[in-house]
Amino acid sequence: MKHLLSTSDLSREDAIRILDTAEQMAATQEREIRKLPTLRGKTVVNLFFEDSTRTRISFEAAAKRLSADVINFSAKGSSVSKGESLKDTALTLQAMGADAVVIRHWASGAAERLAESGWMHGAVLNAGDGTHQHPTQALLDAYTMRKHLIGAEAGPGAHFKTATGNDLAGLTIGLVGDVLHSRVARSNVALLTTLGAKVVLVSPPTLVPVGIETWPVDVVHGLDVALERYDLDAIMMLRVQRERMSGGGNAFFPSPAEYTRLFGLDGDRMRRLPEHAIIMHPGPMNRGLEITAEAADSPRSVIVEQVSNGVAVRMASLYLLLAGEEGGE
Amino acid sequence: MTGTILGAPDISRALTRIAHEILERNGGADNLVLLGIPTRGLPLAHRLAARIAEVEPSFDADARCGSLDITMYRDDLAKHPTRNLGTTTLPSAGIDNAVVVLVDDVFHTGRTIRAALDAVKDEGRPRGVQLAVLVDRGHRELPIRADFVGKNIPTARTERVSVLLTETDGEDAVILSDGKPSGGVTA
């Protein structure tokens, strides 16, 4: 593994290796001294062309916990706003000795372009590109599901004795909301399927991508139908991107109230989930739109925990890409 | 001299002796914690703890035994393909003010133990750290020594020492060979 660009590049073994490594990383984060010397002398650049709080901070924390030097680069206030190209930015990073570049870009495929261009020689980690992929988000989601739903810690709903080394076979996961514009959904569908879980997409017809019939998923149009038809082990509420909500010619559904009525997760719908099911959200949440406070703050919600798991998963990704000899594997 | 250096009875006797030496040195088993270095230090630590418990019934072998993975503290990470991480589990009481006995199978350059000392330092502040190894094959590259040694085996640098343990390899043996080992870990 030289880069981490897309979850569809990951084999089942790759994915389990990342999750197992993240488990060990998470264990070190419960100690008094959480810093590890592992990536001392390596430089990680956070290259963010698009706003992000949690992903950038999460990558920054992960790199620092492993003792790497971190350089944050956001497009605003940089030479990019003066018209510098991705290529020239990459050459600059190469000259600064970046061992890894974490890139968030508005354009789908930007991370791949950077990785395959030969402009720089470090590892590239995709932190979200357009509506394409956001692999570390899917990995932290899978990690959270495995921790809660597979293994001894998971309690009565558990399918196996230990989570370590296992995939997500036997689980049914619901992804609810705007699949069309969601890189989180795309990354999750590929990864969860690779790990053996069944994915159910719950989405208004207007927010389902063209060509969905080739995806290895079930599609239903309404949260009530999904709750009736499937025993969901986890339900992931996708963020409704406000700019796509309503008004004008480019609305994807008639009104926020209607969306909430058909696709929002409230207390009543939460109680219709199986006893062991967990509630997830990649953040940032629109409380009252796709999820109510009752569901978001309930004991079954793992939304806050997803954030801390994100640091462990990103530590694992950085470790696996950067710690070994160059060109290794 | 190559071939099987220690058989199962030799290993068993060496571990029994080390267990007694640990108790003697520390005047009993109070505050004693055994940390095995994965992979094969771990079963050795459990065996030593079981023997200590036979002598000192108040010693809870399972509660005082742990695993210390040193992978992220190695100084040669960048010289090898990425290694998978092992598990670190410490006794629930922690290691502050305990006497930690590190347990490993083969003592060679001393670099593993250097990494282990760094790892211990991040986990807490033990009163003392001691080192128990099944085999000392020499060729130290750092000023580190063992407190308890099962057997000193003079080796050439090119030779390989393989430790096989029932828990991981199905049998107990220490084998010295010229070339590639048939199995087990080399150090």
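Lettering of chains follows the sequences in order, A, B, ..., and the numbering in each one begins at 1. We use all heavy atoms of the structure for the numbers below, so side chains are in, but hydrogens, waters and symmetry mates are not.
Minimum heavy-atom separation, B:M72 to A:Y319: CG-CE1, 4.1 Å.
Heavy atoms of B:R74 lying under 4.5 Å from chain A are absent altogether. Residue contact with chain B, scored on non-hydrogen atoms closer than 4.5 Å, is absent for A:T164. Proximity to chain B (any heavy atom under 4.5 Å) is restricted, for A:L66, to the side chain, taken from C-beta onward.
Annotation: residues 111-124 of chain B contacts chain A through B:K121, B:D122, B:E123 [non-hydrogen atoms, separation under 4.5 Å]. At a heavy-atom cut-off of under 4.5 Å, chain B is reached by A:K35, A:L36, A:P37, A:T38 from residues 35-43 of chain A, listed in order of number. Interface with chain A: from residues 86-98 of chain B, residues B:G86, B:T87, B:T88 qualify, criterion being any non-hydrogen pair under 4.5 Å. Using non-hydrogen atoms only and a strict 4.5 Å limit, no part of residues 10-28 of chain B faces chain A.
Here the OG1-CG distance, from B:T82 to A:L321, works out to 8.0 Å after rounding to the nearest 0.5 Å.
By the 4.5 Å heavy-atom criterion applied to side chains, A:M25 and B:L85 are counted as neighbours.
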